[in-house]
Number of protein chains: 2
Amino acid sequence: MTSLRHLAELAGVSEMSVSRALRDVPGVSAETRARIKALAEEYHFRPDLRARGQLSGNSRILGCILPSITYGFYARMLNGVLRQAVQDDYRVITFQTYSDPQETLAAIYHLIDQRVDALLLNSVHPEPLSRKVMAAMRSHHMALVSLDATPTALPVDEVRLDEEHLAESAVEYLYELGHRRIGFLGVDRMLGRKLRLAALQRSFQHRGLTTDYFTEPTATSLEAFHVPSAGFKALLGRCASAFLGIMQSPVPPTALIVSSEPIIVHIHQTALRHGITIPQQLSLLGYVDFDLACILTPAVTTVGLQPEEIGRQAVIQAITRREARAKGEELPPVLIKVPGTIAVRESCGPAPK
Amino acid sequence: MTSLRHLAELAGVSEMSVSRALRDVPGVSAETRARIKALAEEYHFRPDLRARGQLSGNSRILGCILPSITYGFYARMLNGVLRQAVQDDYRVITFQTYSDPQETLAAIYHLIDQRVDALLLNSVHPEPLSRKVMAAMRSHHMALVSLDATPTALPVDEVRLDEEHLAESAVEYLYELGHRRIGFLGVDRMLGRKLRLAALQRSFQHRGLTTDYFTEPTATSLEAFHVPSAGFKALLGRCASAFLGIMQSPVPPTALIVSSEPIIVHIHQTALRHGITIPQQLSLLGYVDFDLACILTPAVTTVGLQPEEIGRQAVIQAITRREARAKGEELPPVLIKVPGTIAVRESCGPAPK
DNA sequence: CACCCTTGTGCCATTCCAAAT
DNA sequence: TATTTGGAATGGCACAAGGGT
């Protein structure tokens, strides 16, 4: 209700004077300024960022589209986004898409309509972001950063894990512990799966390790990625079966790399239930870091990256890109690979003889 | 870049006609409309919601302030908020405060400056929201909903757990299973702790049960609520000690109610490590629902509410309040108690003889 | 010539009212 | 008279000029 105009009338000066007084820019006498400030305080005046944004051309809002914020990995990614955004004085509008391309599209248009300065996009579905939407975003000067290997029709700034480094760290760590039969348990529908698999295979092969213990249960539908769903439970069941299958083979692996939070937890618990001791009998290595890793007993060693870092870097890149464009500079798309670090806990040990 | 004005020039008509054509309101010839729509499509025109909002007085944005979005409970709450908001065509700006009153205040002013229609506030710190901020919000027609017992200087709409119902469900469930010595493990700094404790005590007392097995380890600082922090680990250690202390008493409880996600997981794992069998020797009842409850082995029975429901109800109430105010109606503050339901899994069984 | 302050203009879309066909 | 179309004012703010002392 209280606007510049209103305040100006109360103070008996023009809107401009009020504006200047409150922004602490010169051009108002100290006395007038004090009077205006007192009035602003009294009437709880706050400048309208929307109006300001219309003039400046920036809303100082970022859009962030994620598959699901209750999934630990994405929650932490969003955490990184939020922290960095606050630090740089940006607000964040978040959307969940549940991996639905329709939802993604709707969310993007909502964000365009709000004139957000940039969009951080993490969409799990394999359909790349269409040229048309990208053109729409571009024509509204919206920067786009692809998170975690989200496919796009045209090249854009991208922040993702350093899969090569991740694979090397993981395999090297287990190799040094003496492991020669190492398994990998992933999910076939995972985004960035090809990248990850290729990196792992390379790391295995140049050490002469077999990839026979790789297994990827099928996620029958995207529903399988909602943690409390029936499809998810079925997926877990399939993972447990695959796991037990490998462990009951004549020459079972001595170490296993597992790539997704809830699956790690489930395998961890399944192993314990079936009397497979960790790490004596089997070294379990989480291929992503997660909060509960240190709470489980034995605590799970991970080579995960901090997902926060992806979010943080993405915000920085988005802002950089946006500001460069405002100056008319157009640099080629950037690929930022976030390295992972090993968090040694209790679930990996030397290979049994 | 492409605005109504721009489009109007291109089409050789007035801004008005463009506005009407695109909103599908009558007053434009079919031919003109088609021409304008084609142009809008071609130039990726999208109306600016900020400008629209200035006129209508609503931004169709909600603010949501939470302690931490990586904490499962709040993540799920935000999930509920986001789902309901999307359904009602609202966007959500989220802030994390890490329970810091300063951050909360800053976030609120940011949200006022964005002219969000309503604020959903969940702040863990015990200092109530000051009258001054509340007045500022009010003077900007911003609705406020307090989530989960967040204290405020003046009464406002509030959505929180139905602690009385929750306590009754939990105690009744265990009582029916034959348990007479039931423990409770909480954290002393928790918000809404008084409410919860009182409700539990009442449920215990009218069944003649002792509350001797209640214990509340101290969270030395708010840092203890960040899951991966050192303070948090120390808190976990204190919980485990308290737990083992109770279990080693001459007459240990046969059932234990535990009230926070990571602590439940830790107690679950600690019990297993110390050879305390669940549910044979000890029935473990989670006092909050969480995603991993079904993944742990044995799976954890919970009486938790779905935190999503708090978020969902809060959005509905916020919008209701906002719309009522727009009509000049001012109803007294509402208290919505969200009931919890028992999710029976494997961690509770009949009391041992 | 400083300094204070006001006027006019623009951003983007909408509502209400007037004018053309 | 009905239908289409245009103008002016609105909302909230800020920037570029210009009028006063």
Side-chain angles (χ1 to χ4, degrees), chain A residues 1-37 39-40 43-61 110 112-117 139-142 326, chain B residues 1-37 39-40 43-61 111-117 139-142 326:
Chain A
M1 212 69 206
T2 311
S3 61
L4 269 196
R5 164 118 82 256
H6 185 207
L7 223 52
E9 281 169 22
L10 288 168
V13 296
S14 74
E15 298 178 41
M16 255 343 287
S17 305
V18 178
S19 173
R20 271 196 281 259
L22 295 178
R23 276 178 305 145
D24 283 319
V25 296
V28 191
S29 67
E31 189 222 355
T32 316
R33 171 158 297 163
R35 193 159 45 94
I36 293 174
K37 283 201 169 183
L39 235 42
Y43 285 86
H44 304 294
F45 172 82
R46 295 244 104 206
D48 189 328
L49 256 40
R50 296 174 302 175
R52 211 177 254 184
Q54 282 196 144
L55 293 181
S56 72
N58 323 98
S59 58
R60 296 202 81 82
I61 301 182
H110 275 138
I112 292 181
D113 295 352
Q114 289 291 346
R115 299 294 187 270
V116 300
D117 289 347
S139 79
H140 290 279
H141 304 295
M142 203 164 137
Chain B
M1 210 71 208
T2 311
S3 62
L4 268 196
R5 163 117 80 254
H6 184 208
L7 224 52
E9 283 170 19
L10 287 168
V13 295
S14 74
E15 300 178 40
M16 270 327 308
S17 305
V18 178
S19 174
R20 273 195 282 256
L22 296 177
R23 276 178 304 144
D24 284 319
V25 297
V28 190
S29 68
E31 188 221 357
T32 318
R33 171 159 296 163
R35 194 158 46 92
I36 292 174
K37 282 202 169 181
L39 235 42
Y43 285 85
H44 304 292
F45 173 81
R46 298 242 104 208
D48 188 327
L49 255 41
R50 297 173 300 176
R52 212 177 251 181
Q54 282 196 147
L55 293 180
S56 72
N58 326 97
S59 58
R60 296 203 81 81
I61 301 182
L111 291 168
I112 292 180
D113 295 352
Q114 288 290 345
R115 298 296 188 270
V116 300
D117 289 347
S139 79
H140 290 278
H141 304 294
M142 203 163 137

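Residue numbers start from 1 in every chain, and the chains themselves are labelled A, B, ... in the order their sequence lines are given, proteins ahead of strands. Hydrogens, waters and symmetry mates play no part in the numbers below; they use all other heavy atoms, side chains included.
Between B:Ser29 and B:Ala51, the residue anchored nearer the 5' end of DNA chain D, judged by the nucleotide with its closest heavy atom, is B:Ser29.
Taking the side chain of A:Asp48 as heavy atoms from C-beta on, and the options C:dC12, C:dC4, D:dC13, the nearest nucleotide is D:dC13. In the set D:dG12, C:dA13, D:dA14, C:dA13 carries the atom at the smallest distance from any side-chain atom of A:Arg115. Here the nucleotide nearest the side chain of A:Leu55, chosen from D:dG12, D:dG11, D:dA14, is D:dA14.
Contact annotation: A:Arg50 does not reach the phosphate of D:dC13 (side-chain N/O to OP1 or OP2, under 4.0 Å). Considering only side-chain N and O atoms, A:Ser3 lies nowhere under 4.0 angstrom from the phosphate OP1 or OP2 of D:dG11. In this model, the phosphate group of D:dA14 is approached by a side-chain N or O of A:Arg52 to a distance below 4.0 Å at OP1 or OP2.
Taking each heavy atom of B:Arg20 and B:Arg33 in turn, the nearest pair found is O-NH2, 3.5 Å. Pairing each heavy atom of B:Phe45 with each of B:Leu4, the nearest pair is CE1-N, 3.7 Å. Residues A:Gln114 and B:Arg50 approach most closely at O-CD, 3.9 Å, considering heavy atoms.
Between the CD atom of A:Glu9 and the P atom of C:dC5 there is a distance of 18 Å, rounded to whole Å. Put simply, CD1 on B:Ile36 is 14 Å from C1' on C:dA13, counting in whole angstrom units. Computed from coordinates, the B:Leu49 CG to C:dC12 C1' distance equals 12 Å when rounded to whole Å. Remark: C1' of D:dG12 and CG of A:Leu7 are 13 Å apart, rounded to the nearest angstrom. Rounded to an integer number of Å, the gap from CZ of A:Arg5 to C1' of D:dT10 is 8 Å. Between A:Leu4 atom CG and D:dC15 atom P there is a gap of 12 Å when expressed in whole angstrom units. Nucleotide D:dC13 holds its C1' atom 15 Å from the CG atom of A:Asn58, rounded to whole Å. In this structure, B:Arg60 atom CZ and C:dA13 atom P are separated by 18 Å, rounded to whole Å.
Side chain of B:Arg35 to backbone of B:Ala11: a donor-acceptor contact under 3.5 angstrom is found. Between the side chain of B:His44 and the main chain of B:Thr2, no donor-acceptor pair closer than 3.5 Å is present.
Among the protein residues, B:Thr32 comes within range of the sugar-phosphate backbone only, with heavy atoms under 4.0 Å from sugar or phosphate atoms but none that close to a base. Residue A:Arg46 is in sugar-phosphate contact alone, with no base atom involved, counting any heavy-atom pair closer than 4.0 Å across all strands shown.
A donor atom on one side chain and an acceptor atom on the other are not found under 3.5 Å apart for A:Arg52 and A:Ser56.
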Checklist entry - Would B:Lys37 and B:Leu22 satisfy side-chain contact (heavy atoms from CB on, under 4.5 Å), going step by step from the backbone distance to the final call? => result CA-CA 7 Å; B:Lys37 282 202 169 181; B:Leu22 296 177; 4.1 Å; yes
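Of the residues in residues 14-24 of chain B, B:Glu15, B:Met16, B:Ser19, B:Arg23 come within less than 4.0 Å of DNA chain C through at least one heavy atom, sorted by number.
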